[in-house]
Structures are given as structure tokens and as C-alpha cells.
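Both ligands and their constituent atoms are indexed starting at 1 by order of listing.
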Amino acid sequence: MRRDPLSYLATELNTLKEQGLYRKLRILEDEQKPKTTFDHRSVVNLSSNNYLGLTTHPRLRACALEAIRKYGVGTGSVRTIAGTMDIHMELERRLAEFKKTEAVVVFQSGFAANAGTVSAVLGKDDVVVSDELNHASIIDGSRLSRAAIKVFPHKDIDAARAILKSLPAAQRKLLITDGVFSMDGDLGPLPALCDLAEEFGCIMMVDDAHASGVFGKNGRGTIDHFDVHGRVDIQVGTLSKAVGVLGGYVAGSRALVEFLYHRARPFLFSTSHPPAVAAACIAALDVLLEEPHIVDRLWDNTRFFQSGLKALGFNTGASEGPITPVIVGDGALAMKLSDRLFDSGVFAQGIAFPTVGVGKARVRTIVTATHSREELQFALDTFGKVGRELGIIQ
Ligand SMILES: Cc1ncc(COP(=O)(O)O)c(C=O)c1O
């Protein structure tokens, strides 16, 4: 009989189970809503990135259905052969207008946008200077580029400056940060990083996945929030979180976008978005521009929930937006808190090493514009009850 060459995978999974790090996928049996059903249990959902509730917005649904009727369900090709529809080009035009840049290229995901862009614009003689908490897609793109990778401690401008100073002036350098850090909800120090990029002649890149639709006027992102328009060469945004659909994009100069059309491997070698995705994203832009009260409601809910957690005595870290961690330190305790919350009707994902540093395990919460005050109050009461039972708060 043939020996299973993949038998080591079961061993690795058992190790994860022994370490309490094995993850069972929670199954959503309803729409992605603030109160919904996972694993047959009705819960207040504090785990989605659906910041504005657009996954179920009637305008997005209607436009997606209309696109299916007009174009069908798939494109049948990569963008560079036969898979660019007029609706893809319209989405890129609309996004460029929204982001106030010359041009935009849309990728299949934010992950593909980051990884595909960093690996395309850099080569083996270049260097990436990157915040230690930058997203995995930036790390993977940097590795794929074969450039040298220099990591600076989280938001430490002096350390970034020391790295840049040590590099040859003629070497091509990419300085890169997340706009919003996904596990802590804090902001990258964009103005100071832009100063550094200008001083040392770096390409400046910001991954604004969690800022798209959340920060800045009408949700234009952290470049707008900090008013550093024109100082960031490469802006990455996602269409998969607040925009409510799927995809990622790169906003910048026309030359950057045309170069990525020719050299970004996920763009070249993977089929384009179904037309319904592009249509729903265009409708989401209309909603951002015409229904800005949704973004206001997100911020009202964020202030209400975050101040409630703080008043209960939880450590909410350095959050500056709707992502609010409840930091407990120990990985097993974070998982226990998450499980007990779930059993009591609140879904907030536990996150431990290696996703966050050792001793920084947490339950991560994300409120949305569509949570009602009653749902958020219920979540706060439940956090209070379970937190006291587990001795996390008094
Ligand atoms: C900071 C950051 N960048 C990029 C991404 C990738 O975005 P997408 O889900 O659209 O692939 C994520 C999503 O997890 C993220 O948190």
C-alpha cells in the first residue's frame, strides 16, 4: 500500500490542537449582518469587516443582479486577454476619481493588490523598509520581489530613519506602512513617513485596506484623513471590507497603473472579477458619496462601544477606529473569552500568536454602522459578565 506522503500534516495539526491554536471554521448560516446566525446560534456579530453594512445594501444587490442579467456570471478570461469588460474600466475610472489620483488598477483581492504590486515594482537590488506589523500580503510581496527586507519597530520613525540613513543613496527604496493596522486598529504615522520618504527619495506606499470606506471624507482613506494627497506614490485599498464586495485596487499615477497592467502577476495570470462584483463596487461608491450618514453612524457606534469597553476596565490598546482589541495577554485565555462570549450570544474572534506577538493575545471586535444601540449594549453587558467570570476585569 502507498504510504501517505502528506502524513506529516496530521502531526502538525495535532501540535496545533495541543497548543490550543487549532481553529474550527465558524459557519455563517445567514447574511453577514450585525445580528446573525453562526453554527446554529444567534449572535451579535463583532467579527466581520462589513463596516458599513454594504454586503446586504439594496443598491448593491440590485446592481449586482442587473449585471448578471446583462453580462452573465463570469468573465472567462484574465484581464489582459479577453476578460476586461467595460464595467471593469468604469470601476477603475470611478475609483481614481474617488481617490483623487490619475489612475487605478483593480485586482482580485487586496492581498493580490499588495503582493502583486510590491513584487512588480521592486527587484533583487532594491530594499523594502516596512513596519513590523504590516499585513501578510506586504510581507509575501516583499519576499517575492527578492528585494532586501528591513523591518522597523511598530510606528518607530526614528528607527525607520536610521535604516534609511544606513542604505546607499542610489539604492531604490520602498517605504511601506498599513494605513490602519488590522489587529490593533491604530493608524500608521503617515505625515512623518511621507517626510522620511521625501528626505530619502523613497517610493511611499500605504496599504489602506481597513481605512477604505472608514477614514477620510466619504471614506477616502488615511491619505485623505491626514491630508497627504500627492505624497503617497502607491495607495492600496480593498473592496472586500467596508465596500462590502470583493477585490483590491492600487491608486497612483497613470504610469504606475500601466506598468502593473504589464507586470503584476496576479493581474496577468488570474481571471478577472465577475461583472456582478464590479457593478456592486460601483454602487458602493455611489453609496459612499450619496449616503455619508452611514460612515457617521459607524463612528458614533465606534465611540459608544469603545468607551463602554474602557469603562468596564478592559485594555483596548491603541485603537483609533472601529477595530477595538480586548487585550488579555495569554493565548488560551483569549480563546476561552471568545468561546464564552459566543456561548452567551456575542461573536468576537480570539487572536493569538503568531497572528499577534506572544503575550498580546486578544479578542478583536469590530463594530459596524448597522449595529443597533441595543445590540451593542447587549455585547457590552456580555463582555462585562464574562470578563468578570474569567477574572479579566473586576
Ligand atoms: C491590512 C490588510 N491589508 C490587506 C488585506 C487583504 O485584503 P483582501 O481581504 O481584500 O484580500 C487585509 C485583509 O485581511 C488587511 O487586513
Nearest non-hydrogen protein atom to atom 11 (O) of ligand 1, with distance, is Phe111 N, 2.9 Å
Exercise. Are Arg146 and Asp125 close enough for a salt bridge, meaning some N to O gap below 4.0 Å?
Worked result: no
* Asked: Does NZ or CZ of Arg26 lie under 6.0 Å from the centre of the six-membered ring of Phe342, at an angle within 45° of the ring axis?
  -> yes
d(Lys33 NZ, Thr55 OG1) to nearest 0.5 Å is 9.5 Å
Check Glu132 with Lys155, please: is the shortest side-chain N to carboxylate O separation under 4.0 Å?
no
The residue among Asn114, Thr238, Asn134 that forms side chain to side chain donor-acceptor pair (under 3.5 Å) with Asp207 is Asn114
A student checking ligand 1 against Gly247 at a 4.0 Å heavy-atom cut-off should list atoms 10 (O)
One finds that the ligand 1 atoms under 4.0 Å from a non-hydrogen atom of Ser182 are 16 (O)
closest protein heavy atom to atom 9 (O) of ligand 1 is Lys241 NZ, 3.6 Å
Exercise for the section: Answer yes or no: does an N/O atom from Ser240 fall short of 3.5 Å to an N/O atom of ligand 1? Expected result: yes
In this structure, atom 16 (O) of ligand 1 is nearest to the protein heavy atom His210 NE2, 2.9 Å
the protein heavy atom lying closest to atom 5 (C) of ligand 1 turns out to be His135 CE1, 3.4 Å
Less than 4.0 angstrom from a charged side-chain N to a carboxylate O is my criterion; do Glu92 and Arg79 meet it? yes
Do any heavy atoms of Ala113 fall under 4.0 Å from ligand 1? no
Looking at Leu246, Ile323, Asp207, the heavy atom closest to atom 1 (C) of ligand 1 belongs to Asp207
shortest atom 7 (O) of ligand 1-to-protein heavy-atom contact is with Gly110 CA, 3.5 Å
State whether Asp195 and Arg231 are salt-bridged, where the test is any N-O pair (Lys NZ or Arg NE/NH1/NH2 against Asp/Glu carboxylate O) under 4.0 Å. yes
Ligand 1 to Ser109, heavy atom cutoff 4.0 Å, flagged ligand atoms 10 (O), 11 (O)
Note: ligand 1 atoms sitting under 4.0 Å from heavy atoms of Thr238 are 7 (O), 8 (P), 10 (O)
request  = Answer yes or no: are there more than 12 heavy-atom neighbours, outside Arg373 itself, under 6.0 Å from its atom CZ?
outcome  = yes
Answer yes or no: is there a side-chain heavy-atom contact under 4.5 Å between Lys100 and Arg220?
yes
If we number the atoms of ligand 1 from 1 as shown, the ones under 4.0 Å from a heavy atom of Asn114 are 3 (N), 4 (C)
